[in-house]
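Report on the structure given below.
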Amino acid sequence: MLNSIWVGSVSGISHNIWFVAAIWMGLALVASFVSIWTGLSVALIEIFVGVLAGNFLHLQANNEWINFLAMLGSGVLTFLAGTEIDPRSLKANLRASLLIGVLSFAVPFGAIWLFAQFVLGWPLHQAQIAGVALSTTSVAVVYAVMIEGGFSDTAMGKMILAACFITDFGTVLALGGLFADFNGWLLAFVIIMCVVLWFMPAWTTSIIDKLGATRVSEPEVKFIFFVLFFLGGLATAAKSEAVLPAYLVGLVVAGVFLRDKTLVHRMRSIAFAIFTPFYFIKAGLYVSLAALWPAFLIVGGLLLLKMLTKTIAVWPLARLHYMNRREAAYTTLLMATGLTFGTISALFGFQNKIIDQRQYTILVTVVILSAFVPTLFAQKVFQPTKDAMRAWGRLYRRRLGVLSVEDREEILKD
C-alpha cells in the first residue's frame, strides 16, 4: 500500500509542470551554491548534478518544454560566446586562434577515427562519427568559465573563444561534408543565412538606436531571439544544427554588443538564470553509470586519446605563441573540453542509424567526461590570473608588431 502511494505521488509530481519546474530549478539552485562554495564553474557543477540526479534520483528530461529550454540554452549560450569575440581582438590574435583551432580539430578527428576503426573495429562511418564527436571543443563550457572568472575581456580569453569557434566550425564542416543531405533546404539555408549575417549588424544597431534605450518591451532582445529561432528552424530543416547560425550571428554583432554592454548583461542574465541550467543538467542525465562500467576500458581509452591528441595539437602551439607553461596548460585543457557539438554529433549518428545505442552511450559519456575532467584541472591547478592573461595579449602583439592604442599608452607610461 505504501509503495502504491509512493508510486502514485511520484507519478503525480511528474505530470505537474510546476513541480517538475521546481525540481529542475531547485537542482540549479543547489548547483549555484556548490559553485560559489567550491569556486568551480557553475556549468561544471550543473553537469555533475545532472549525473547524480539521473542515476540516483532517476530524473528524466521527458517533457518537451524541458528539451526546448535546454536547446534554447545551448543556442543562446553559443550566440553569447560569439558576441564576446571582439572583431579587433580576433584580427590581432588571428594567427594563434586559427592555428590552435584548426589543429585542435584535425589531430583528434584523424586519430580517433583511425583508433575507432582499426583498434575498436567499428565500421568506417561509425568511426567517422566517433572522430567528429570527440574532436570538438565546448564553446558553452569555455564561455561559462570565462564569464564567471571575468576572463572574457582579456586577450587570452578572446583568443581561446575564437579558437573554440574554429575547432567547432571544423566539426560542423566534417559532419556536413561526410553525412549531410545536399538538397534545396541546405541551399536555401546557406543563402538566407549569408544575407542575414550581412545585414544583421545594421539591423541590430538601428533597432537599438531608435527603440532599445527607451522601451520596456525590449524590442532589440526580441529581435535577436526572432533571428536565432528563424535561422535555427532553417538549419534544422536543412539537417544542420541551430547552434551554428547562432554562433555566426553572435560573431557578426559582436561589435554592436561591444558598444552596448547593457544589452549583453540583459541577455546573459536571461541565459544563465533560466536556459543554461536546463541545458547543462540535461547533459549530465546522458551519463549512465550502469552502462559505463561494462564499457569502462573503451570510455577511458577514448577519453585518454582525446586528451592526448588535444595536448599534442594545442600545447606546442600555445608555447610557440609566447605562453608560459601554466597558461599553455590552461589553454590546452580548455580546448580539450567537449559538450555541445560532441553530443549533437553523437545524437546525429544515433538518430540516422549510423551508430547503435551502445556506441552512442560510449561517445556521449566520453563527451560529458571531457566537459568535466579538463575543466576541473584547468580551474583548480592551472588557472592564470586576469593580469597574466592580459599580459600575454600585450606580449603577443608586441612580438608580432601589431600594437594597439592601449599597448602604446602602456609603453609610454613605462
Side-chain angles (χ1 to χ4, degrees), residues 64-65 67-85 87 90 136 138-140 143 161-162 164-177 179-208 211-212 218-258 260 263-264 266-268 270-271 274-276 278-279 339-345 347-348 351:
E64 285 298 322
W65 63 271
N67 293 323
F68 174 74
L69 288 178
M71 177 185 66
L72 194 57
S74 66
V76 175
L77 202 59
T78 306
F79 165 79
L80 289 172
T83 64
E84 292 293 334
I85 303 175
L90 177 61
T136 60
S138 176
V139 173
Y143 176 69
L161 282 170
C164 289
F165 164 70
I166 293 168
T167 297
D168 284 341
F169 192 67
T171 299
V172 172
L173 290 179
L175 191 65
F179 302 105
D181 181 14
F182 294 95
N183 53 30
W185 275 110
L186 183 61
L187 179 62
F189 166 59
V190 172
I191 293 174
I192 294 174
M193 183 175 66
C194 289
V195 172
V196 171
L197 292 178
W198 180 264
F199 289 103
M200 190 68 187
W203 290 342
T204 307
T205 301
S206 177
I207 291 177
I208 291 174
L211 302 173
E218 306 288 1
E220 71 279 18
V221 176
K222 292 175 181 176
F223 169 70
I224 290 172
F225 277 124
F226 164 73
V227 172
L228 294 180
F229 291 169
F230 176 69
L231 291 180
L234 281 178
T236 303
K239 307 298 182 184
S240 183
E241 295 299 336
V243 288
L244 174 60
Y247 203 112
L248 294 175
V249 170
L251 279 174
V252 299
V253 300
V256 179
F257 271 51
L258 190 65
D260 191 344
L263 180 56
V264 176
R266 287 172 186 163
M267 295 202 65
R268 190 183 296 164
I270 294 170
I274 300 295
F275 302 142
T276 60
F278 285 89
Y279 170 65
L339 191 60
T340 311
F341 284 103
T343 53
I344 284 171
S345 301
L347 185 60
F348 174 88
Q351 290 178 334

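Note that this is a predicted model, so its numbers are computed, not measured.
Here the side chain of T236 pairs a donor or acceptor atom with the backbone of G232 at under 3.5 angstrom. A donor-acceptor pair under 3.5 Å links the side-chain atoms of S74 to the main chain of M71, judged by distance alone.
Every residue two or more places apart in sequence or in another chain that forms a side chain to side chain contact (heavy atoms under 4.5 Å, CB included) with T276 is listed here: L77, A271, F272, F280. Applying the side chain to side chain contact (heavy atoms under 4.5 Å, CB included) test to F169 and every residue at least two apart in sequence or in another chain returns F165, L173, L244.
Contact annotation: the side chain of T136 never approaches that of T167 to less than 4.5 Å [non-hydrogen atoms, C-beta and beyond].
In this structure, CZ in F199 is found 12.0 Å from SG in C194, a value given to the nearest 0.5 Å. Distance check, rounded to the nearest 0.5 Å: CD1 of I224 to CE of M200 gives 5.5 Å. L80 CG to F275 CZ: the interatomic distance, rounded to the nearest 0.5 Å, is 10.5 Å. We find the CG-OH distance between L72 and Y279 to be 12.5 Å, quoted to the nearest 0.5 Å. Here T171 contributes atom OG1 and F341 contributes atom CZ; the two are 7.5 Å apart, rounded to the nearest 0.5 Å. Rounding to the nearest 0.5 Å gives a distance of 11.0 Å between NZ of K222 and CZ of F225.
Between L231 and P245 the shortest heavy-atom distance is CB-CB, 3.8 Å. In terms of heavy atoms, S345 sits closest to L175 at OG-CD2, 4.1 Å.
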### Task
Go through I270 and V76 one step at a time and tell me if the side-chain contact (heavy atoms from CB on, under 4.5 Å) criterion holds.
CA-CA 9 Å; I270 294 170; V76 175; over 6 Å; no

#### Entry: side-chain contact (heavy atoms from CB on, under 4.5 Å) evaluation trace for F230 with M193
CA-CA 10 Å; F230 176 69; M193 183 175 66; over 6 Å; no

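Looking at I191, L186, I192 one by one, the single match for side chain to side chain contact (heavy atoms under 4.5 Å, CB included) with L234 turns out to be I192.
No more than 12 heavy-atom neighbours from other residues, nucleotides or ligands sit within 6.0 angstrom of CH2 on W185.
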